[in-house]
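What follows is a short report on a single structure.
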Amino acid sequence: MMSAKEGKLGSQQAHIELVIEVVSPNIGATHDGLQHSNNNAFLHFMKQTLTPTLTKFHAGYFRISLSLCSQALLWKTLGEPADGNHLFRRVFRLMPSTAFKILWSLALLTLVALSVVYLLRCLFHFDKVKSEFLHHIGVNYLFAPWISWLLLLQSSPFIGSGTDCYTALWWIFMVPVMVLDVKIYGQWFTKGKRFLSTVANPSSQLSVIGNLVGAQAAALMGWRESAICMFSLGMTHYLVIFVTLYQRISGCQCLPVMLRPVFFLFIAAPSMASLAWDSISGSFDSSSKMLFYLSTFLFMSLVSRPNLFKKSMRKFDVAWWAYSFPLTALALASVEYAQEVKGGVAHVLMVFFSTLSVLVSFLLMVSTALHSSAMFAIPSAQQQATDNNNNNNNNNNDDEEEEDINGRRSEPADGIIS
């Protein structure tokens, strides 16, 4: 009897030990499951937290980096030794080099921050990025980050144009521009859905500017053939875009009221072309001068029509930054023009455009700081409906440039670009 009980007890002990061995790995699996659940919860929390910002954000915000990076290049150009002894440049060279480095660092931090936010937008809201790529205005601003990086590279106080690092970075920043060129330009002259006559708008000139800035950066490395290649590609399509926008061909889309500052890109393209050809040829020759004269004429044509921009200035918008980069490009061209001509009028133009560029950029930075909380705010449904009604009223009351020759209205941005 005792041995039978002991046998029964032993079997129960063996059964208990077997259960312990089975439960032990389940604890580890439960821990892994909890850890995976926590990771998913963290990603969900991050997505919910960033959704308001990522929903509002779009490539048009890179107008800010375009302005700051071009300002850094302007300050670097004005601070370089020159043949003439003009008072304006002498005074500018008296400024400590730390001021330029602070501006360059600010441009770098801004560009990095915008790039990180846009990468997160691609990660969590790729559908919106795809919609932006298919939008006739939004797709052009996909050039803006790469143009900003190229401008920042040229103005860098730490990387020389003859170094291997400069060459590697030029390739990194130029490859996306070339890819976008093939995609967009291919759509224009093939039997695709997006003929230039149906999608052309002033922001289309950003594709041209990307090629011209890349050509200028290549010329600084001594890659003259590559620079000529990019310059010819950009100028050929610039002529096509310029003529298309001037003729307002049937079906050509107009800009919404809030995007009218983008008209200033008419100034930026010939200004950057004059700078690019100056870098290629080695002097600000007749071709560069003609392009600079064209930029000056277009500037006068735009500023003589303030009513065209009055309604877009009623409420702060990131589109205001579209004023700064073209003015800075024109200022850069005026500096090279004054360096070549060395006349009183040329120096007056340099002082005027450079001062105007710095002043506009400074005012935009102050305005952005004051309205930073509203830049990424998501409007309520009622507020959005009110804004749409106001825009429709503005469009109906505006007799200038709001309808195309067939009477068709322009497409609203609908949050893709603004």
Side-chain angles (χ1 to χ4, degrees), residues 69-93 100 147 150-151 153-156 160-162 205 208-236 238-239 242 264-300 325-358:
C69 294
S70 59
Q71 273 294 308
L73 184 58
L74 176 62
W75 283 43
K76 179 182 179 181
T77 303
L78 290 173
E80 291 175 346
D83 295 337
N85 292 318
H86 190 266
L87 178 62
F88 181 73
R89 298 196 68 171
R90 289 204 306 267
V91 171
F92 209 91
R93 284 197 295 271
F100 163 67
I147 298 173
L150 288 168
L151 291 170
L153 179 63
Q154 294 180 56
S155 62
S156 174
S161 57
Q205 297 172 98
V208 172
I209 295 172
N211 290 290
L212 296 175
V213 174
Q216 183 184 13
L220 294 177
M221 292 190 297
W223 290 13
R224 192 170 186 273
E225 294 302 318
S226 298
I228 293 176
C229 174
M230 301 305 299
F231 181 85
S232 61
L233 181 63
M235 288 305 297
T236 300
Y238 171 68
L239 294 175
F242 189 78
F264 268 69
L265 286 174
F266 275 105
I267 303 171
S271 298
M272 292 309 305
S274 66
L275 293 170
W277 187 251
D278 175 37
S279 300
I280 293 172
S281 63
S283 63
F284 205 85
D285 57 12
S286 298
S287 299
S288 295
K289 292 177 183 177
M290 287 189 291
L291 291 166
F292 172 69
Y293 296 149
L294 175 61
S295 301
T296 306
F297 170 76
L298 293 173
F299 170 78
M300 295 172 60
F325 168 65
L327 290 175
T328 306
L330 182 56
L332 284 165
S334 68
V335 172
E336 299 299 333
Y337 177 72
Q339 175 68 17
E340 179 67 23
V341 176
K342 298 182 177 66
V345 176
H347 285 95
V348 169
L349 290 174
M350 176 187 68
V351 174
F352 173 73
F353 287 128
S354 299
T355 304
L356 180 62
S357 171
V358 174

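For the numbers below, each heavy atom of this structure counts, side chains included, while hydrogens, waters and symmetry mates do not.
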What I'd like to find out is whether the side chain of [X] reaches to under 4.5 Å of the side chain of [Y], using heavy atoms alone.
{"X": "L275", "Y": "Q154", "result": "no"}
{"X": "L327", "Y": "F353", "result": "no"}
{"X": "V341", "Y": "K289", "result": "yes"}
{"X": "F325", "Y": "F264", "result": "no"}
{"X": "P270", "Y": "Y293", "result": "no"}

Between the side chains of S283 and E340, does any donor sit under 3.5 Å from an acceptor? no
Would you call the rings of W277 and F231 parallel, tilted or perpendicular if under 30° counts as parallel and over 60° as perpendicular? tilted
Under the criterion side chain to side chain donor-acceptor pair (under 3.5 Å), I'd like the reasoning laid out for S288 against E336: C-alpha separation, chi angles, the key distance, then a yes or no. CA-CA 9 Å; S288 295; E336 299 299 333; over 6 Å; no
So, the side chain of S232 versus the backbone of C229: is there a donor-acceptor pair under 3.5 Å, distance only? yes
To the nearest 0.5 Å, what is the distance between CZ (F266) and CZ (F299)? 16.0 Å
Point-to-point distance, once rounded to the nearest 0.5 Å, from OG of S295 to CE of M272: 10.5 Å
Here's a test for you: under side chain to side chain contact (heavy atoms under 4.5 Å, CB included), which of I209, L330, L332 qualifies with S271? L330
